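Below: the structure, in structure tokens.
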Amino acid sequence: MMLISEQTSEALDELVGVFFDLNRTTDRMISIMQNIWCMPNAVSIIHPNIAHVYPLLSDKITEIKDRYNLPSVYPETHKDDRMYTNLQDMFGTLLKENEDAYKEIKLVNQIAEENGDFMVHVDLVDFMQKFNLLFTQIVTLND
């Protein structure tokens with residue numbers, strides 16, 4: 001017996017990939033800030049407090065599936081060789097990608113609800129509270 005639907009399980013896997021992609025995006029930004037713009041102090045704050053949080057958020061999603069004895073599938077991450085003209089460009093990109101992640105969380109939650117996976121819905125509400133703590137920092141950086 002499958003405790004959550006296949007559709008919800010696959011959607012959770014996609015969400016795992018979203019947060020690893022955000023880690024990749026942020027690590028690229030950190031590299032530019034460090035090596036091109038000479039901003040080591042900013043890097044020392046952003047790297048551990050933002051970039052390293054994304055894989056931890058991915059782990060929270062895999063923990064949802066772990067509770068149902070379902071292994072997670074890890075999508076490929078994107079290659080990131082983007083360049084940015086300035087900090088506004090950079091943080092605007094990060095904000096947009098986090099807004100996309102927010103939309104993806106809502107979509108996964110909708111899939112869970114449509115498939116009667118109520119406990120996944122509850123887990124996603126808890127997850128969203130954790131994500132919101134990071135999201136508000138991104139909004140502030142962009143502003």
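These numbers were taken from a predicted model, which means no experiment stands behind them. Because only heavy atoms are used, hydrogens play no part in the values below, and waters and symmetry mates are left out as well, while side chains stay in.
For the pair Asp89 and Asn86, the minimum side-chain heavy-atom distance is below 4.5 Å. Proximity of Leu56 to His52: side-chain heavy atoms (C-beta onward) are nowhere separated by under 4.5 Å. Residues Leu95 and Leu141 have side chains not in contact (no heavy-atom distance under 4.5 Å, counting atoms from C-beta outward). Side-chain contact between Met29 and Thr93 is present, with at least one heavy-atom pair separated by less than 4.5 Å. Leu57 has its side chain out of reach of Ile61: every pair of non-hydrogen atoms, C-beta onward, lies at least 4.5 Å apart. No side-chain heavy atom of Leu107 sits less than 4.5 Å from a side-chain heavy atom of Lys103. At a threshold of 4.5 Å between non-hydrogen side-chain atoms, the residues Pro55 and Phe19 do not count as touching. Side chains of Val16 and Lys65 form no contact here, defined as non-hydrogen atoms less than 4.5 Å apart.
Salt-bridge annotation for Arg82 and Glu97: present, with a side-chain N of the basic residue lying under 4.0 Å from a carboxylate O of the acidic one. The pair Lys60-Glu63 meets the salt-bridge criterion, with a side-chain N (NZ, NE, NH1 or NH2) lying under 4.0 Å from an Asp/Glu carboxylate O.
No side-chain donor-acceptor contact under 3.5 Å links Ser9 to the backbone of Glu6. Side chain of Asn142 to backbone of Ile138: no donor-acceptor contact under 3.5 angstrom is found.
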Legend entry - Trace of the side chain to side chain donor-acceptor pair (under 3.5 Å) decision for Asn98 with Tyr54: CA-CA 10 Å; Asn98 275 271; Tyr54 291 121; 2.9 Å; yes

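Linking Ile, Leu, Val, Met, Phe, Trp and Tyr residues whenever their side-chain heavy atoms come within less than 4.5 Å leaves Ile45 and Phe135 in two separate clusters. No chain of hydrophobic side-chain contacts below 4.5 Å, direct or via other Ile, Leu, Val, Met, Phe, Trp or Tyr residues, connects Val73 to Leu3. Two different hydrophobic clusters hold Ile4 and Ile111 under the rule that ILVMFWY side chains link at heavy-atom gaps under 4.5 Å. No continuous path of ILVMFWY side-chain contacts below 4.5 Å connects Ile50 to Leu133, so the two sit in separate hydrophobic clusters. No chain of hydrophobic side-chain contacts below 4.5 Å, direct or via other Ile, Leu, Val, Met, Phe, Trp or Tyr residues, connects Val125 to Val18.
Remark: of the listed residues Val108, Leu12, Val122, Leu12 is the sole one forming a side chain to side chain contact (heavy atoms under 4.5 Å, CB included) with Ile64. None of Leu94, Asp21, Asp80 except one satisfies the side chain to side chain contact (heavy atoms under 4.5 Å, CB included) rule with Thr26; the exception is Leu94.
The ring-ring contact (aromatic ring centres under 6.0 Å, His included) pairs that include a residue from residues 73-96 number zero, where partners must be two or more places apart or lie in different chains. Sorted by first and then second residue, the pairs that involve residues 114-125 and meet side-chain hydrogen bond (donor to acceptor under 3.5 Å, both in side chains), not counting sequence neighbours, are Ser5-Asp117, Thr8-Asp117, Arg67-Asp123, Asn109-His121, Gln110-Glu114, Glu113-His121.
For the residue pair His47/Asp27, the side-chain donor-acceptor check at 3.5 Å is satisfied.
Annotation: the span from Phe20 atom CZ to Thr25 atom OG1 amounts to 13.5 Å, rounded to 0.5 Å. Once rounded to the nearest 0.5 Å, the distance linking CZ of Phe131 with CG of Leu124 reads 12.5 Å. Residue Glu104 holds its CD atom at 6.0 Å from CG of Leu15, rounded to the nearest 0.5 Å. If you take CZ on Arg24 and CD on Glu76, they are separated by 10.0 Å, rounding to the nearest 0.5 Å. From Leu134, atom CG reaches atom CG of Asn49 across 9.5 Å, with rounding to the nearest 0.5 Å. Distance OG/Ser58 to CG/Asn23: 8.0 Å, rounded to 0.5 Å.
Tyr102 OH: 12 or fewer foreign heavy atoms inside a 6.0 Å radius. Residue Met119 qualifies as open at atom CE: its count of foreign heavy atoms under 6.0 Å is 12 or below.
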Compile the donor-acceptor pairs under 3.5 Å between side chains in residues 30-40 and protein atoms, sequence neighbours left out, one pair per line.
| from | atom 1 | to | atom 2 | distance (Å) |
| --- | --- | --- | --- | --- |
| Ser31 | OG | Asn35 | ND2 | 3.4 |
| Asn35 | ND2 | Ser31 | O | 3.0 |

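Annotation for Pro48 and Val53: closest pair O-CG2, 4.1 Å, computed over non-hydrogen atoms.
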